[in-house]
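Step one of this worksheet: look at the structure below.
Note that the coordinates shown come from a computational prediction; the quantities given were computed from them, not determined experimentally.
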Amino acid sequence: MKAWAFSLLIIAFASAFLGSIVSVQAAQGDVLASSSFHFGKDGWSQFGPGKLELNERSGMLFGSDKGHTVWYFSAPEAFLGDKCFAHNGVLSFRLGHSEYMSNGKEMIQDWDVVLESKIWRLKFGMKGLIPAWVGSSNHDVSLNEKAGWVNLRSGHPPTTIEMLRMLTNLSGMYIRGGFYDGNEETWIDSVVLKEGDHKADALMRKVEKHARHPTHQAAAAEAAKAEAASAEVPAAPVRGGVIRSKAARAAMAAKMAAEQAKLAAEEAAKAKELAAKQEAARQAEVKAASAAEAAKKQAKQAEAGKAAEHAKPQEQAKVKPNQQTKGQTKDQTKSKQATPAKPKEQPSQKSVKQNAAADKQESSTKVKAQEQSEEQKPKQVNDKVKKQAKPTNNMAKDVPKGSVNAEQPSATKPKAAATSAASAG
C-alpha cells in the first residue's frame with residue numbers, strides 16, 4: 001500500500017516536472033505565420049522599381065525583371081503587426097532562380113532581407129544570405145539583434161529594445177528577388193515565421209515597458225480590461241500537440257487582446273477615413289453649388305449692366321434739354337434771389353428845388369411870350385385902324401374921343417392876367 005502510494009507520488013511529480021519542461025520548449029518553434037503558395041499568392045506583393053509580375057505556379061511564387069533592378073517580395077499582413085513572440089525566433093524560406101542573366105557581371109550587392117517599423121522609424125537589413133550562381137537555397141534567418149542585422153539609419157547593430165520595438169510594431173518584411181544585371185526570374189516558397197526561445201513573462205514585461213508605442217499602450221490596456229471583464233482567461237490552447245503553461249496562456253490572452261485592439265483601431269480608422277471622405281464630398285458639392293449660384297448671379301449682373309449701358313445714352317439724350325432748362329431756371333431764380341431789390345429813390349431837396357426853379361422859369365418864359373403876343377395884337381389893331389382912318393380925316397374927327405380910350409383897357413387886361421399867373425407861380 002505504501003509502495004503503491006509512493007510510486008503514484010513519484011509519477012505525479014515526474015509528470016509535472018516534465019510537463020513544465022515540455023511546455024516551455026513547446027513555445028519555441030511554434031508557427032506564427034506561413035505561406036506555402038498552394039492556393040495562390042497568399043497576399044504577397046512586389047516592392048521596388050521596374051515592372052514586376054508575380055504569379056503562382058506549382059506551389060511557388062515567381063517574380064521577374066528585365067534588367068539591372070533590385071526588387072523584393074513583400075510579406076502580407078499575416079507576417080506583420082505585433083510579432084513580439086518572434087524575438088529570438090526564425091524566419092525561414094526557400095529561394096531560387098528559374099533563369100537569370102548576369103551579362104558577365106557579379107551579383108548585385110544589396111540587402112537580402114529588410115524589416116521595417118514605420119511607427120518607430122526603424123529599418124533593419126541583413127546581407128550575404130543568398131549565394132551567387134546557385135539555382136536554389138534554403139535559409140533560416142535568426143530574429144535576434146546579434147544575428148547580423150544592421151540598423152540602416154545608424155549603421156550599427158540594433159539593441160535589444162530596438163529589436164523588440166521592431167517585432168512588436170512590424171510594418172514591413174521584404175525578401176530580395178532581384179540579384180543580377182540582366183533578365184531574371186526568381187521564385188520563393190515555404191515562408192515560415194517561428195516563435196523564439198524566451199520566457200513569456202519576462203518578454204511581456206520588456207515589451208510593455210519599452211516596445212509598446214504610446215499610441216498603442218492606451219488601446220491595448222483598455223482592450224485587456226474589456227477582455228478581462230467580459231470573459232475569463234481562455235482555456236489552455238493546444239499548439240503543436242502540447243498544452244502551454246499558465247504564463248504562456250496569459251501571454252496568449254494579452255496577445256489576442258492586442259490583436260483585437262488593433263482590429264478595432266483599424267476599423268475606427270477606416271470609419272473615420274470614410275466619414276472624412278463623405279464630409280469632403282459633401283463640402284465639395286456645397287462649394288460647387290455655391291460657385292454655380294455665384295456664376296449665375298454674376299451673369300445676371302453682367303446682363304443687367306449691359307442693358308443699362310445700352311439704355312443710358314437714350315435716357316441722357318432725353319434728359320439733357322430738360323436738365324438745361326431746369327438748370328437755366330434754377331440759375332435765374334438763384335440770381336434773382338442773390339440780387340437784392342433796389343429800394344425806390346426818394347427825391348432829395350436839391351432835386352425838388354431844381355424842379356421848382358425849372359418850372360418857374362418855364363412858366364415865366366410862357367408868360368413873357370404871352371405878353372409879347374398881347375403887346376403885338378394892339379399894335380396890329382392900331383395899324384389897321386390907322387390905315388382905315390387915313391382916307392377920310394373927317395371920319396376921325398367925327399369919332400368920339402372916348403372910343404379909342406374905351407378899347408385900350410382890353411389890351412391891358414392880358415398884362416394883368418400874365419402878372420397874376422406869374423405871381424401865382
Side-chain angles (χ1 to χ4, degrees), residues 40-55 69 71-72 74-82 116-123 153 165 168-174 212-227 230 257-334:
K41 299 178 183 179
D42 289 347
W44 286 75
S45 61
Q46 69 276 1
F47 176 80
K51 294 182 179 180
L52 307 175
E53 292 183 2
L54 294 180
N55 57 80
T69 305
W71 55 272
Y72 293 83
S74 179
E77 289 292 329
F79 288 80
L80 307 178
D82 186 2
E116 183 180 16
S117 176
K118 291 181 179 178
I119 195 168
W120 285 108
R121 297 182 179 179
L122 293 173
K123 189 177 283 189
R153 294 185 180 274
R165 286 179 175 178
T168 305
N169 303 275
L170 198 59
S171 59
M173 180 184 291
Y174 310 99
R212 296 282 184 206
H213 196 269
T215 57
H216 293 172
Q217 285 179 353
E222 295 203 359
K225 286 181 183 178
E227 185 69 21
S230 62
E259 289 180 356
Q260 290 178 358
K262 181 181 178 182
L263 292 174
E266 288 178 355
E267 290 178 359
K270 288 180 181 178
K272 188 175 181 181
E273 185 178 358
L274 181 61
K277 287 181 180 179
Q278 291 177 352
E279 182 65 20
R282 188 184 66 79
Q283 290 180 358
E285 289 179 358
V286 171
K287 287 182 180 179
S290 61
E293 287 292 330
K296 287 182 181 179
K297 287 183 181 179
Q298 289 179 357
K300 288 182 180 179
Q301 289 177 359
E303 290 179 359
K306 288 181 180 179
E309 289 179 358
H310 183 69
K312 194 172 182 180
Q314 297 178 357
E315 291 180 358
Q316 288 179 353
K318 291 180 181 178
V319 171
K320 274 184 180 179
N322 296 330
Q323 288 181 349
Q324 289 178 358
T325 53
K326 286 181 181 179
Q328 291 176 0
T329 53
K330 287 181 180 178
D331 294 336
Q332 290 175 1
T333 52
K334 286 182 180 179

> Taking the side chain as C-beta and beyond, is there a heavy-atom pair between L263 and E266 under 4.5 Å?
Replying inline: yes
>> Keeping S74 on the side-chain end and S45 on the backbone end, is there a donor-acceptor pair under 3.5 Å?
In response: no
> N169 and W120: which non-hydrogen atoms are nearest, and at how many Å?
Replying inline: ND2-NE1, 2.9 Å
> Would you say S290's side chain and K287's backbone share a donor-acceptor pair under 3.5 angstrom?
Replying inline: yes
> Side chain of S117, backbone of L122: donor and acceptor closer than 3.5 Å?
Replying inline: no
>> Just verifying a value: how many Å separate K118 NZ and L170 CG, rounded to the nearest 0.5 Å?
In response: 11.5 Å
> Salt-bridged, K270 to E267, with N to O below 4.0 Å?
Replying inline: no
> Is the closest basic N to carboxylate O distance between K297 and E293 below 4.0 Å?
Replying inline: no
> Angle class for the Y72/F47 ring planes (parallel below 30°, perpendicular above 60°, tilted otherwise)?
Replying inline: tilted
> Within the side chain of R121, is there an N or O that forms a donor-acceptor pair under 3.5 Å with the backbone of R153?
Replying inline: no
> Between L80 and M173, is a side-chain contact (heavy atoms from CB on, under 4.5 Å) present by the stated rule, with each step listed?
Replying inline: CA-CA 7 Å; L80 307 178; M173 180 184 291; 4.1 Å; yes
